[in-house]
K.L.:
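Let me begin by handing over the structure; questions about it come next.
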Amino acid sequence: MKYNPSLIEKKWQKKWDDLNIFKAEIDYKKPKYYVLEMFPYPSGAIHMGHVRNYTLGDLIARYKKAQGFNVLHPMGWDAFGLPAENAAIENNTLPSKWTYSNIETMKNQLKQMGLSYDWEREFATCSPDYYKFEQKMFLDFYKAGIAYKKETLVNWDPVEQTVLANEQVVDGRGWRSGAEVEKKKMKGWFLKISDFAEDLLNEIDNLKEWPDRVKTMQRNWIGKSNGATINFSINNSDDKVEIYTTRPDTIFGATFIAISPQHLLSLKIAQKNNQAKDFVKFCENQSNKEVDIEKADKFGFETGLTVTHPFKKGINLKIYIANFILMDYGTGAIFGCPAHDQRDYDFANKYSIEIIPVIESKDNLPYTGDGLHINSDFLNGLNTQEAINLSIKKLKKLGIGKETITYRIRDWGVSRQRYWGCPIPIIFCDNCGEVPIPEAELPINLPEDINFDMKGNPLVSHPTWKNTKCPKCNNNATRETDTFDTFFESSWYFARFTELNPSKPFTNEAFKYWMPVDQYIGGVEHAVMHLLYSRFFMRALKFVKSIDLKEPFNSLQTQGMVCHQTFKDRKEKWLFPNEVIKENNTFFHVDTKEKVIAGRIEKMSKSKKNVVDPQQIIQNFGADTARFFMLSDSPPNRDMEWSDSGIEGSWRFLNRLWNFINNLEKEKSHKNLPINLSESQKNLLATLNNTVKEVTKSIDDFHFNIAVASIRSLFNALTSYEILNNNDKSVVSYTTKKLLILINPMVPHIAEELWEKFSENKNMISVERWPVINTNYEETNKIKIPVQVNGRMRAIIEVQTNLSEDDLEKTALNEKNVLKFLNGTPKKVIIIPNRIVNFVI
RNA sequence: GCGAGCGUGGCGGAAUGGUAGACGCACUGGACUUAAAAUCCAGAGUCCGAUAAGGACGUGGGGGUUCAAGUCCCCCCGCUCGUACCA
């Protein structure tokens, strides 16, 4: 009988469904394990990135189940977002219709992969049943003072009359309209993540099972810095300007003051001075992306105002408005010390500002390192830290400065001027101002009768939706038309999965039992924002006494991207991989037979057409082959390259496994291991034991490719084993069954089918227990040890384990090749028992 | 620009500071076949050597620490992710 994946995969998917074996229920008798993969945005169809992510998660879920854990493994849909509105505009449909139809397609595709989800817990975040809870949360935050409104600058498309996301601004123009993007001041809702910055930073140390690189990125994102604020009085004015610096020690090198275009002082100046006004306007209309700001040419506007240097009598510093000073960081104003800061240096050179070195160095300016201070009066001769301390002390004494801690992290702007998101439950009343909607009136649902023909946000142009009565005074009032950032939904969805109750976001019992997520898996692109917002959200919920947990994710693993070679034809048009055929290392177009230009291997993306459709792969090879290749190729945290030959290799392996066991089946029913084992039987069991150890360890370490390699080795040992008698049969049959259990989390359908054929056990393999390491079958007690001369390998000796240093040396000195290179007595002998012998001459 | 990561045969990748290249893919030779595919067996980093023994070189480039460096340190190059309204 031939291996027919489509047949057996459907069969087992149905069985798992019918018996509901992946349903998760609270069971205090078992340790719980919550495995979660980042839920997808329903963009239309699953892609290889999803296949990879969900295969990794499924392996863990099935593995932990086999180890006796009570596993929760849910799936849902991150269903609000911009693409649904774009699709609505392009295809003249509704965002909800488009989204739910995508969900249906993608759910079908996920089902075909044989993933062990508890589908009863599925939800889409765009459903009022989900987002109604967010409205309550937001009101709690609002009442607790964590949510507030403030003015920001947004990208405004004057043609579409709509706010654009950064992504929708291409080279300063709207992506659809092509109109030059303007900046518009708008009020929006913010959450005070900055209040929690210190705790978010400190607790990173306790995230023991997070990758270091993610923790480093979060630390840097929060960006705590110790510095000082200094108040400068403006000459001939009552105004002051407060600056922030991390280097108060360089105060004697200060030669100018720079303030942000959004600084109050800038705005004040702009009111009176048209040139200043133009400059501020010019700065505002620049991109507000961090990359662009940092890379942009530096411009300044000389305000004509000056301040006096606090320690240099009679020295005045000019105040500039500068485009590279961010209002959101520190105080929105700095003193410029060009000798010791790159940006200040560039700025000073451009505007011919004096450059005074105050730290001794042989390097070229600007020098940003440590050193002894010069030209600095009372700071002379001190190093940086000493000078920082003393300068702050002196500033305090003068009453114009103090040490100040600042954070780079900014409050989270959650307002979006969009339709397809969760409505923000606030009402604006002429009499009462902003009024939170009473909880009894929740949820505020999105209207379905909208159209995108009108410009801007359909909630604004909707004829009736925003009109309402004020809950306080009952006068006519209007609703908030902004909706939440979609990070809002993904900041707590993992908690919602623990709960089946439709009337509560989560309950004490279920939340306490299942949370935190034991293993979270997703793309590294979420290393900072999504994960930090989620960590913040837990704290915010704790702050309003909704839950009692700070850290949502105990262990985190991030996966790399799925890549594929790119192809172009002679007209520079991108080609799909299945339009290309390879012959003698040259690529040709399948139809035209023209030569094809093979480009770089890049992340799979629709725009470059270097995509392989998972659906096609599942149809051609089955889900198990796709899963097996995903796991065998690269370690999860690295990028992987999808290759046709790789998938075929996996296909062949599963076929070999299938054929091997089908042939064995004829001679089955050798249940028990023989009491006395032959040498070769012992060896096979030792290999098995070693494989169990290695597979277990590499799954725990998230090195699934090594687990696969190890299983392949065991399979090689199994197929090359010569069966001479019934005892051999028993040992082979025993080993085969263990192999099936080991491979089951990777390729569950074929494992179930072969288990059913081969094992006398009536249970499904999905409920079998993971093999235990049996120390009776340890590997032989002989080991090979390399012998080096001057660190270069010259021989390998095979010796008993734990041989003494003396005996090791003697054995090593019996080697001809060692003696040849030794040529006399060595100066020194380094022996690490069971590891290495090295003669130094 | 800034922050983080990655770089090992023809390819994907293995390797607690201790035998570099496990396990695969592709390739080559052989068996089976009328033939092909599939399957099975064998070989294989590069160069010198005889197809052996053995040796030299070799983990992006340059330098350093060490008895010993893919691994640790410094500098450089290339690529990837993030950069706050894409998700």
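Convention: sequence-line order gives letters A, B, ...; per-chain numbering from 1.
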K.L.:
Rounded to whole Å, how long is the line connecting atom CZ of R792(A) with atom P of U66(B)?
P.N.:
19 Å
K.L.:
With a 3.5 Å cut-off and heavy atoms only, can you find an N or O donor on one side and an acceptor on the other between the side chain of N838(A) and the base of C67(B)?
P.N.:
yes
K.L.:
Which whole number of Å gives the distance between the C1' atom of C57(B) and that of G70(B)?
P.N.:
16 Å
K.L.:
What contact category does S415(A) fall into here, base, sugar-phosphate, or nothing, at under 4.0 angstrom with non-hydrogen atoms?
P.N.:
base
K.L.:
Identify the nucleotide, in any strand shown, that forms a Watson-Crick or G-U wobble pair with U51(B), with both distances under 3.5 Å; if there is none, say none.
P.N.:
none
K.L.:
Using Watson-Crick or G-U wobble geometry with both distances under 3.5 Å, which nucleotide pairs with A56(B)?
P.N.:
U46(B)
K.L.:
Once you apply a heavy-atom cut-off of 4.0 Å, does I832(A) come out as touching a base, just sugar-phosphate, or nothing?
P.N.:
base
K.L.:
If you check every side-chain atom of A165(A), which of A4(B), A87(B), C85(B) has the closest atom?
P.N.:
C85(B)
K.L.:
Reckon N637(A) has a side-chain N or O less than 4.0 Å from the OP1 or OP2 of C6(B)?
P.N.:
no
K.L.:
Picking from C23(B), A26(B), A84(B), which would you name as closest to the side chain of A709(A)?
P.N.:
C23(B)
K.L.:
Given K697(A) and D701(A), is the salt bridge (charged side-chain N to carboxylate O under 4.0 Å, His left out) satisfied, shown in steps?
P.N.:
CA-CA 6 Å; K697(A) 186 178 186 310; D701(A) 293 349; 2.6 Å; yes
K.L.:
Side chains of E489(A) and D78(A): closer than 4.5 Å at any heavy-atom pair?
P.N.:
yes
K.L.:
Please tell me if S634(A) has a side-chain N or O lying less than 4.0 Å from either OP1 or OP2 of G13(B).
P.N.:
yes
K.L.:
Which label fits G9(B), syn or anti, where anti is any glycosidic angle not within 90° of 0?
P.N.:
syn
K.L.:
Counting only Watson-Crick or G-U wobble pairs whose two distances fall under 3.5 Å, which nucleotide matches C25(B)?
P.N.:
G10(B)
K.L.:
For F484(A) and A84(B), what is the distance between atoms CZ and P respectively, to the nearest whole Å?
P.N.:
21 Å
K.L.:
Counting only Watson-Crick or G-U wobble pairs whose two distances fall under 3.5 Å, which nucleotide matches C81(B)?
P.N.:
G3(B)
K.L.:
Expressed as a whole number of Å, how far does the C1' atom of G54(B) sit from that of G62(B)?
P.N.:
32 Å
K.L.:
Given A87(B), is OP1 or OP2 found less than 4.0 Å from the side-chain N or O atoms of T486(A)?
P.N.:
yes
K.L.:
Indicate, with a heavy-atom threshold strictly under 4.0 Å, whether W412(A) touches base, sugar-phosphate, or nothing.
P.N.:
nothing
K.L.:
From A87(B), A84(B), U19(B), pick the nucleotide closest to the side chain of I796(A)?
P.N.:
U19(B)
K.L.:
Across the strands shown, which category fits I293(A) at heavy-atom distances under 4.0 angstrom: base, sugar-phosphate, nothing?
P.N.:
nothing
K.L.:
In whole angstroms, how far is the P atom of C86(B) from the CG atom of N166(A)?
P.N.:
5 Å
K.L.:
Would you classify M561(A) as touching base, sugar-phosphate or nothing, given that sugar-phosphate means primed atoms plus P, OP1 and OP2, and contacts are heavy atoms under 4.0 Å?
P.N.:
sugar-phosphate
K.L.:
Does a donor on one side chain and an acceptor on the other come within less than 3.5 Å for R176(A) and N86(A)?
P.N.:
yes
K.L.:
Just checking F488(A) against Y131(A), ring centres under 6.0 Å apart?
P.N.:
no
K.L.:
Are the aromatic ring centres of F821(A) and F839(A) under 6.0 angstrom apart?
P.N.:
no
K.L.:
Taking the six-membered ring for Trp, are W412(A) and F196(A) closer than 6.0 Å centroid to centroid?
P.N.:
no
K.L.:
Please measure how far the P atom in A36(B) lies from the corresponding atom in A31(B), and state the result in whole Å.
P.N.:
11 Å
K.L.:
Considering only side-chain heavy atoms of N155(A), which listed nucleotide, C85(B), A84(B), A87(B), is closest?
P.N.:
C85(B)
K.L.:
Would you please say whether a donor-acceptor pair under 3.5 Å links the side chains of W210(A) and Y520(A)?
P.N.:
no
K.L.:
Do S225(A) and T406(A) have a side chain donor and acceptor closer than 3.5 Å?
P.N.:
yes
K.L.:
Of the nucleotides A14(B), C85(B), A22(B), which one has an atom closest to the side chain of N705(A)?
P.N.:
A14(B)
K.L.:
R794(A) near the nucleic acid: base, sugar-phosphate alone, or nothing, with a heavy-atom cut-off under 4.0 Å?
P.N.:
sugar-phosphate
K.L.:
Side chain of I706(A) only, please: which of A14(B), U83(B), C85(B) is the nearest?
P.N.:
A14(B)
K.L.:
Which part of the nucleic acid, if any, lies within reach of F629(A) when heavy atoms closer than 4.0 Å are counted: base, sugar-phosphate only, or nothing?
P.N.:
nothing
K.L.:
What's N716(A) touching, base or sugar-phosphate or nothing? Going by heavy atoms closer than 4.0 Å.
P.N.:
sugar-phosphate
K.L.:
Please confirm whether K298(A) makes a cation-pi placement over F347(A), using NZ or CZ under 6.0 Å from the six-membered ring centre and within 45° of the ring normal.
P.N.:
no
K.L.:
Base, sugar-phosphate, or nothing for K820(A), non-hydrogen atoms under 4.0 angstrom?
P.N.:
sugar-phosphate
K.L.:
So R712(A), base contact, sugar-phosphate only, or nothing? Heavy-atom distance under 4.0 Å.
P.N.:
sugar-phosphate
K.L.:
For atom C1', what is the distance between A26(B) and U65(B), given to the nearest Å?
P.N.:
40 Å
K.L.:
Under 4.0 Å, counting only non-hydrogen atoms across every strand here, what does F839(A) touch: a base, just sugar-phosphate, or nothing?
P.N.:
nothing
K.L.:
If U39(B) has a Watson-Crick or G-U wobble mate with both distances under 3.5 Å, name it; if not, just say none.
P.N.:
A31(B)
K.L.:
When we call it a touch if two heavy atoms are under 4.0 Å apart, what does D292(A) touch: a base, just sugar-phosphate, or nothing?
P.N.:
nothing
K.L.:
From the list U83(B), U80(B), G55(B), which nucleotide is the closest neighbour of the side chain of N817(A)?
P.N.:
G55(B)
K.L.:
Can you find a donor-acceptor N/O pair under 3.5 angstrom joining the side chain of Q342(A) to the base of G1(B)?
P.N.:
no
K.L.:
Looking at every strand, decide which applies to V528(A) at a 4.0 Å heavy-atom threshold: base, sugar-phosphate, or nothing.
P.N.:
nothing
K.L.:
Among C25(B), C81(B), G18(B), which is the nearest nucleotide to the side chain of I836(A)?
P.N.:
G18(B)
K.L.:
Starting the side chain at C-beta, find the nucleotide from C86(B), U83(B), A87(B) nearest to W221(A).
P.N.:
U83(B)
K.L.:
Identify the residue among F621(A), F653(A), W658(A) that makes a ring pair (Phe, Tyr, Trp, His ring centres under 6.0 Å) with Y3(A).
P.N.:
W658(A)
K.L.:
Would you say R656(A) places a side-chain N or O within less than 4.0 Å of OP1 or OP2 belonging to C40(B)?
P.N.:
yes
K.L.:
Write down the distance between CD (Q788(A)) and P (G55(B)), rounded to a whole number of angstrom.
P.N.:
13 Å
K.L.:
Considering just the side-chain nitrogens and oxygens of R638(A), establish if one lies under 4.0 Å of OP1 or OP2 belonging to C6(B).
P.N.:
no
K.L.:
If I pick the P atom on U71(B) and the same atom on G3(B), what distance separates them, to the nearest angstrom?
P.N.:
23 Å
K.L.:
What integer number of Å spans the P atoms of C11(B) and U46(B)?
P.N.:
12 Å
K.L.:
Say you pick atom P in C81(B) and the same atom in C47(B); how far apart are they, in whole Å?
P.N.:
36 Å
K.L.:
Would you classify R343(A) as touching base, sugar-phosphate or nothing, given that sugar-phosphate means primed atoms plus P, OP1 and OP2, and contacts are heavy atoms under 4.0 Å?
P.N.:
nothing
K.L.:
Pairing check on A69(B): which nucleotide meets the Watson-Crick or G-U wobble criteria with it, both distances under 3.5 Å?
P.N.:
none
K.L.:
G10(B) and A4(B): how far apart are their C1' atoms, nearest whole angstrom?
P.N.:
32 Å
